[in-house]
Amino acid sequence: MKILDIDLDFFLDEIALHRSDFGQRLENDEYIPWKGEDVDAFLRERCGLTKNKKIKGRIINHHHEAFFFWRELIESGDLNVPFSVTHIDAHADLGLGDGSWHYLMTEFLHLDVNDRRYPEKYNEKDLSKLNFGNYLAYSIACQWLSSLTYVTHPRWRNDLPWTILKDFSDHSKAIQLKKYELGIKLDVMNMDKYTPVQLEPEVPLKIIQCSEYIDDGNFDFILLCKSPGYTPKTSDKLIPIISEYFDFI
């Protein structure tokens, strides 16, 4: 099965960095949203969407809510595991800079796979737990994803956490979490000296520029994240345009 995962911040002229969803909306005059007709054209011409064949989906506020949505669909039997995700976003949401890679690979992966679907949520003092910037890494840790396609913003700079990549390399074109000894303290600058207890299944990773992305639109589910900490209020005018392709559930 196939999911289209869109963040509203993709449709801005700039990428906001080092923000928090606890904060204010972005300044309207510093971050300019795309024109509505350009967003609609992207959805039709690049994503392959059509208003005559709406896709079951949901609009969420913060992106880690996607994890809860997918879990809900899995537990209801509507979404089969593993599934592929096409992630259209200004950010990778794989945990860069929040320390989640260390927690996942030295603690979380020691849980039974079925227990991983109920992770501890982040707080302001510990962003390594499930949050809006790492929910895809947690989804992979749950062994939900068969593949991940990351459609990047025109101004994208590499924000992939290399620690979770297969062979610690972009060239591997795959994510592979590694389970290390429980509680071990890993030195990020010397990862080669550690031997994993177990390797998690590989998840093929495709990075594609938005100008080169083309899809047939054959998605089973769709979601749109508002990401209020990463978007200006003016971008909200795009939500009704994107919503025209949704069959809300």
Side-chain angles (χ1 to χ4, degrees), residues 1-16 19 21 25-26 31-51 53-70 72-73 79 83-94 131-137 139 144-145 147-156 159 205-249:
M1 302 186 77
K2 188 175 172 184
I3 290 178
L4 181 59
D5 175 27
I6 305 173
D7 197 307
L8 193 60
D9 70 1
F10 177 84
F11 301 112
L12 298 176
D13 66 336
E14 300 285 348
I15 299 176
R19 295 280 298 180
D21 275 350
R25 300 295 295 267
L26 297 178
Y31 295 86
I32 310 302
W34 292 17
K35 294 179 180 179
E37 56 265 34
D38 292 335
V39 172
D40 192 60
F42 180 85
L43 296 175
R44 289 184 288 104
E45 298 170 8
R46 297 290 174 179
C47 301
L49 304 188
T50 172
K51 296 171 186 176
K53 186 181 178 183
K54 298 187 178 186
I55 303 170
K56 293 180 180 180
R58 186 171 297 176
I59 295 176
I60 58 178
N61 287 316
H62 305 302
H63 225 147
H64 62 280
E65 294 168 30
F67 183 95
F68 304 138
F69 179 42
W70 298 342
E72 175 188 325
L73 293 172
L79 178 59
F83 51 86
S84 67
V85 171
T86 298
H87 181 65
I88 299 178
D89 198 320
H91 308 88
D93 293 344
L94 287 165
N131 71 67
F132 50 83
N134 65 25
Y135 73 96
L136 283 175
S139 299
W144 288 350
L145 270 61
S147 65
L148 175 62
T149 298
Y150 177 20
V151 181
T152 60
H153 188 278
R155 294 185 177 272
W156 180 69
D159 63 343
L205 173 65
K206 184 176 183 180
I207 308 296
I208 184 167
Q209 298 176 16
C210 61
S211 60
E212 298 179 358
Y213 172 63
I214 294 289
D215 204 289
D216 61 10
N218 189 27
F219 297 99
D220 296 286
F221 296 98
I222 185 172
L223 65 83
L224 171 66
C225 181
K226 296 180 181 179
S227 291
Y230 288 84
T231 56
K233 183 68 176 176
T234 50
S235 66
D236 291 352
K237 66 184 179 182
L238 301 177
I239 296 174
I241 296 171
I242 303 170
S243 296
E244 292 188 51
Y245 295 94
F246 280 60
D247 175 13
F248 288 102
I249 57 175

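Position 1 is the first residue of the sequence; numbering continues from there.
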### Query
Is there side-chain contact between Phe83 and Trp70, with heavy atoms separated by less than 4.5 Å?
yes
### Query
Which residues pass the ring-ring contact (aromatic ring centres under 6.0 Å, His included) test with Tyr213, sequence neighbours left out?
none
### Task
Give a yes or no answer on whether the side chain of Arg46 reaches the backbone of Ser211 with a donor-acceptor pair at less than 3.5 Å.
yes
### Tyr230 and His91 aromatic ring geometry - parallel, tilted or perpendicular at 30°/60° bounds
perpendicular
### Query
Excluding sequence neighbours, so at least two apart, what forms side chain to side chain contact (heavy atoms under 4.5 Å, CB included) with Glu72?
Arg58
### Message
So, using side chain to side chain donor-acceptor pair (under 3.5 Å) as the criterion, who are the partners of Lys2 when residues are at least two apart?
### Response
Asp215, Asp216
### Message
Applying side chain to side chain donor-acceptor pair (under 3.5 Å), can you list everything that pairs with Asp5, at least two apart in sequence or on another chain?
### Response
His63, His87, Tyr135
### Query
Does Ser235 have any side chain to side chain donor-acceptor pair (under 3.5 Å) partners at least two apart in sequence or in another chain, and if so, which?
none
Side chains of residues 242-249: which donor-acceptor partners sit under 3.5 Å, not counting sequence neighbours?
{"from": "Ser243", "atom 1": "OG", "to": "Ile239", "atom 2": "O", "distance (Å)": "2.7"}
{"from": "Glu244", "atom 1": "OE1", "to": "Lys51", "atom 2": "NZ", "distance (Å)": "3.1"}
{"from": "Tyr245", "atom 1": "OH", "to": "Asp40", "atom 2": "OD1", "distance (Å)": "2.6"}

### Task
Kindly write out the residues that satisfy ring-ring contact (aromatic ring centres under 6.0 Å, His included) with Trp34, not counting sequence neighbours, or none if the list is empty.
Phe10, Phe11, Phe42
### Task
Would you check if there is a donor-acceptor pair between the side chains of Ser227 and Asp9 at a distance under 3.5 Å?
no
### Message
Using side-chain heavy atoms (C-beta onward) and a distance below 4.5 Å, is Ile32 in contact with Thr234?
### Response
no
### Message
Just to verify, what does Lys237 make a side chain to side chain contact (heavy atoms under 4.5 Å, CB included) with, not counting sequence neighbours?
### Response
Pro33
### Task
Answer yes or no: is there a donor N or O on one side and an acceptor on the other, between the side chain of Asp89 and the main chain of Asp7, under 3.5 Å?
no
### Query
Glu212: what forms a side chain to side chain contact (heavy atoms under 4.5 Å, CB included) with it, not counting sequence neighbours?
Ile208, Gln209
